[in-house]
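The residues of the chain are indexed from 1 along the displayed sequence. All figures in this text were calculated on a predicted structure; none of them were measured in a lab.
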Amino acid sequence: MSNIIDATFSISSDKYNWILREKNIGKKVKFHFFSNIKQMSNFLGEYKLREFLVEGEVDLLDKSSGTPSYSSVMEDAMSKLERYIEECTNGQK
């Protein structure tokens, strides 16, 4: 059974791997295989960040005491994504 994350990605698993299916309009489905949810969430987070940077949806601020570090923001986003994926695969979403 496949759980849809967004218009591009859906996830499923088999006995050995987590499977991320990437479907772009007009292209074949790409399969990405991961041994655990953490690896998959890191891949998705980095993928989406690159996408946002290209589209100009993320402003890079000058360093200041009020601006959180990149790594802390990414770690927080990845942990939220991991929890979301676990909820999807456990049938809670």
Side-chain angles (χ1 to χ4, degrees):
M1 183 175 151
S2 181
N3 293 297
I4 297 172
I5 294 177
D6 62 13
T8 306
F9 293 107
S10 63
I11 58 172
S12 63
S13 63
D14 63 13
K15 187 175 179 180
Y16 303 104
N17 297 302
W18 287 93
I19 304 166
L20 180 67
R21 289 178 173 86
E22 179 182 357
K23 175 64 176 146
N24 291 313
I25 298 171
K27 295 185 179 180
K28 290 184 177 183
V29 175
K30 289 183 185 176
F31 294 93
H32 305 276
F33 298 91
F34 303 93
S35 60
N36 59 50
I37 292 175
K38 186 160 187 69
Q39 289 176 342
M40 184 169 45
S41 66
N42 285 338
F43 173 83
L44 274 171
E46 293 292 330
Y47 183 95
K48 290 295 186 181
L49 180 62
R50 284 190 308 270
E51 192 175 83
F52 292 150
L53 288 173
V54 169
E55 294 173 5
E57 294 182 23
V58 176
D59 292 328
L60 299 176
L61 304 174
D62 293 331
K63 272 191 168 180
S64 70
S65 59
T67 304
S69 69
Y70 167 81
S71 60
S72 66
V73 171
M74 288 305 293
E75 286 173 12
D76 184 48
M78 299 306 162
S79 65
K80 288 179 183 176
L81 181 58
E82 287 172 32
R83 283 193 302 275
Y84 176 77
I85 291 169
E86 287 173 347
E87 288 174 0
C88 285
T89 56
N90 292 333
Q92 296 174 357
K93 289 247 178 201

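- Below 30°, between 30° and 60°, or above 60°: for Tyr47 and Phe9 the angle between ring planes is above 60°, a perpendicular geometry.
- Taking each heavy atom of Ser13 and Trp18 in turn, the nearest pair found is CB-CE3, 3.9 Å.
- The line from NZ of Lys27 to CD1 of Ile25 is 10.5 Å long, rounded to the nearest 0.5 Å.
- To the nearest 0.5 Å, the span separating CG on Asn36 from OG on Ser41 amounts to 8.0 Å.
- Atom-to-atom distance recorded for Ser12:OG and Leu20:CG is 9.0 Å, nearest 0.5 angstrom.
- Under a hydrophobic clustering in which Ile, Leu, Val, Met, Phe, Trp and Tyr are joined whenever their side-chain heavy atoms come within less than 4.5 Å, directly or via other members, Met40 and Phe33 fall into different clusters.
- For Asn17 (side chain) and Ile19 (main-chain N/O), no donor-acceptor pair under 3.5 Å exists by modelled atom type.
- From Lys23, atom NZ reaches atom CG of Asp6 across 14.0 Å, with rounding to the nearest 0.5 Å.
- Here the OG1 atom belonging to Thr8 is positioned 10.0 Å from the CG atom belonging to Leu44, to the nearest 0.5 angstrom.
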